[in-house]
2 protein chains.
Amino acid sequence: MTAPRNEGTLADRAYRQIRQDIIEGRLAPGQKLKLEALTASYSFGMSPLREALSRLTGDQLVITEAQRGFWVAPLSVEELDDISRVRALVETEAVNLSVRQGDAQWVQDVTDAFEELRAVERELPAAESPLPPNLGDLWEAKNRAFHAALVSACHSPWLMRVRDLLYQQSERYRRLSLKSSRGRRAVHEEHAAIFEAAIKRDALRACRMTELHVQRTADEVRLALAALKDAGQLTQAVA
Amino acid sequence: MTAPRNEGTLADRAYRQIRQDIIEGRLAPGQKLKLEALTASYSFGMSPLREALSRLTGDQLVITEAQRGFWVAPLSVEELDDISRVRALVETEAVNLSVRQGDAQWVQDVTDAFEELRAVERELPAAESPLPPNLGDLWEAKNRAFHAALVSACHSPWLMRVRDLLYQQSERYRRLSLKSSRGRRAVHEEHAAIFEAAIKRDALRACRMTELHVQRTADEVRLALAALKDAGQLTQAVA
DNA sequence: ATAGCCCATATTTTCGAAATTTTAAAAGGG
DNA sequence: CCCTTTTAAAATTTCGAAAATATGGGCTAT
């Protein structure tokens with residue numbers, strides 16, 4: 001059930017670990033990634049680290065300039081909007097295909113994932129209080145699993161690949177708003193609406209609800225992002 | 001006008017060169033990529049090569065298995081169909097945005113690119129004869145430039161990134177059918193139809209024509225692929 | 001024969017240092 | 001005083017070899 005997390009080459013592990021650190025915000029947007037410093041904080045050699053960073057540039061989580069090294073990709077409102085629009089396009093198509101093609105097992109998987117998500121969302125504190133970090137991590141995991149289950153029957157490896165890329169990006173943005181204690185709005189109702197439509201095989205409605213969900217999430221993140229920008233928290237270079 | 005092709009780090013150059021060799025078929029689908037052999041044929045050291053191959057796995061042009069090395073990504077009819085469907089989705093959205101937002105400069109760029117493509121397509125030999133390699137390269141370049149010009153006003157970096165990824169994949173498949181002397185059908189008429197609609201700002205028609213174009217290209221490649229598969233040319237490991 | 005094991009070889013992966021390039025500060029000239 | 005050039009330091013990139021891992025062939029036991 002649980003895959004050992006020290007699988008694969010050192011480069012693989014470095015890739016996964018740094019990716020997580022970027023998505024979860026432990027490495028700050030725009031931060032310079034000096035190889036020497038990284039060999040110290042992670043305990044990988046330079047070769048695995050370089051390989052990991054190279055691969056992360058493909059995910060647009062790291063940017064690079066020849067001979068000048070690597071940086072954590074910056075965040076911006078413009079990119080948030082761009083990602084959200086493209087993600088709406090791709091995710092709705094994946095949902096559409098999945099709802100139309102999903103078999104009984106898919107229904108079961110989606111239902112299970114939804115129940116687990118519901119359980120977590122029931123425990124969420126009121127809108128204004130900031131979310132404890134580990135609760136945030138748990139919610140992100142269940143949220144990711146729910147959306148992944150939804151599209152799992154689309155039977156299109158390429159659509160999935162692109163979707164995963166975009167999901168990853170949006171998760172990175174979303175974690176920002178989790179920390180900065182935005183109102184958590186009616187997120188569970190949105191999930192419930194998607195779930196209901198999907199189970200009823202109402203593909204059109206499932207798509208519309210998904211699109212709305214992506215848009216509203218973007219709206220929430222946009223507020224958090226603006227607040228951080230005012231506070232000057234965004235371009236800070238954390239050592 | 002012409003950028004020197006020995007720009008960037010060795011890893012950058014290796015990346016571009018190998019990518020081109022895969023797309024243009026000089027490295028065969030499924031072929032094992034042994035580091036030692038690559039250091040010999042290209043004259044890069046192992047480090048730049050490894051970095052290049054790592055980055056290419058992100059483009060899905062190379063696949064890798066931990067501790068077992070790298071292979072040129074295989075081709076298959078299933079993947080061709082998958083890529084074509086997703087590409088139709090993404091490319092039509094990009095065309096749609098571009099047609100609606102493109103300014104005078106965009107019209108000019110599209111027109112220029114179309115004229116250059118027309119000039120090449122006028123010279124194309126009759127449907128049954130195989131295309132000479134350099135004519136094929138020229139046509140591919142003009143075709144790529146035309147389609148790139150079409151979507152250049154979509155103003156969505158992420159849509160473009162995804163589009164480029166898919167275009168690259170489809171070009172790799174398409175080159176297969178160029179070599180194997182398939183009928184070249186009415187490809188110029190398809191381009192002309194897209195062009196006309198785009199210039200007239202008929203976004204819906206431009207999208208429909210683009211979708212048709214992608215589908216028909218896939219149909220043609222599918223035939224070529226089936227022919228190669230029968231001939232057993234596909235999984236051959238070229239030394 | 002055939003499956004399983006062991007060894008030699010081939011290959012990938014990683015390390016540590018050398019070479020190259022950038023950066024930033026100091027020196028020199030207008 | 002400011003701008004260019006020089007120089008030293010810092011960082012990236014690359015190389016070459018060592019370490020780790022996989023592969024394939026032959027051997028033995030069943």
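Throughout, a chain's letter reflects where its sequence line sits, starting with A, and its residues are numbered from 1. What's counted below: heavy atoms across the whole structure, side chains too, no hydrogens, waters or symmetry copies.
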Practice task
Remember a base hit wins even if backbone is also touched, and classify Leu33(B) as base, sugar-phosphate or nothing at under 4.0 Å, heavy atoms.
Solution key: sugar-phosphate
Practice task
Take atom CZ of Arg50(A) and atom C1' of dG16(C), then tell me their distance rounded to the nearest Å.
Solution key: 15 Å
Practice task
Indicate whether the side chain of Asp112(B) and that of Gln108(B) have a donor and an acceptor atom separated by less than 3.5 Å.
Solution key: yes
Problem - Interatomic distance, Leu49(A) CG vs dG16(C) P [rounded to whole Å] - result: 13 Å
Practice task
Measure from CG on Leu10(A) to P on dT13(C) and round the result to the nearest Å.
Solution key: 11 Å
Practice task
Determine whether the side chains of Tyr167(B) and Glu91(B) contain a donor N or O and an acceptor N or O closer than 3.5 Å.
Solution key: no
Completion exercise
Which of dT14(C), dT23(C), dT13(D) is nearest the side chain of Arg68(A)? It is dT23(C)
Handout entry: Which nucleotide in dC15(D), dT13(D), dT12(D) has an atom nearest any side-chain atom of Ser47(B)
Key = dC15(D)
Handout entry: Nearest listed nucleotide, side chain of Gln67(B), among dT13(D), dA22(D), dT22(C)
Key = dA22(D)
Practice task
Rounded to the nearest angstrom, tell me the gap between atom CE in Met46(A) and atom P in dG16(D).
Solution key: 18 Å
Fill in the blank from the handout: Interatomic distance, CZ@Arg144(A) vs CZ@Arg174(A), rounded to 0.5 Å, equals 8.5 Å
Practice task
Please confirm whether the backbone N or O of Ala28(B) pairs with a side-chain atom of Gln31(B), one donor and one acceptor, at under 3.5 Å?
Solution key: yes
Practice task
May I have the distance from Glu51(A) (atom CD) to dT13(C) (atom C1'), rounded to whole angstrom?
Solution key: 8 Å
Handout entry: Residue-phosphate contact under 4.0 Å: Lys32(A) side-chain N/O, dT12(D) OP1/OP2
Key = yes
Practice task
Specify the separation, in whole Å, of atom CD of Glu36(A) and atom P of dA10(D).
Solution key: 10 Å
Exercise for the section: Could you tell me whether Leu38(B) contacts a base, only the sugar-phosphate backbone, or nothing, with contacts defined as non-hydrogen atoms closer than 4.0 Å? Expected result: nothing
Exercise for the section: Among the candidates dT12(D), dT14(D), dT21(C), find the nucleotide nearest to the side-chain atoms of Pro48(B). Expected result: dT14(D)
Completion exercise
Separation of dA20(D) atom P from Glu7(A) atom CD, nearest Å, is 19 Å
Exercise for the section: In whole angstrom, give the distance that lies between atom CZ of Phe44(B) and atom P of dT13(D). Expected result: 15 Å
Handout entry: Test item: side-chain donor near acceptor, His191(B) and Asn143(B), under 3.5 Å
Key = yes
Exercise for the section: Could you work out which one of dA17(C), dA11(D), dT11(C) sits closest to the side chain of Lys34(B)? Expected result: dT11(C)
Practice task
Could you check which of dT12(C), dT14(D), dA11(D) has an atom nearest any side-chain atom of Leu35(B)?
Solution key: dT12(C)
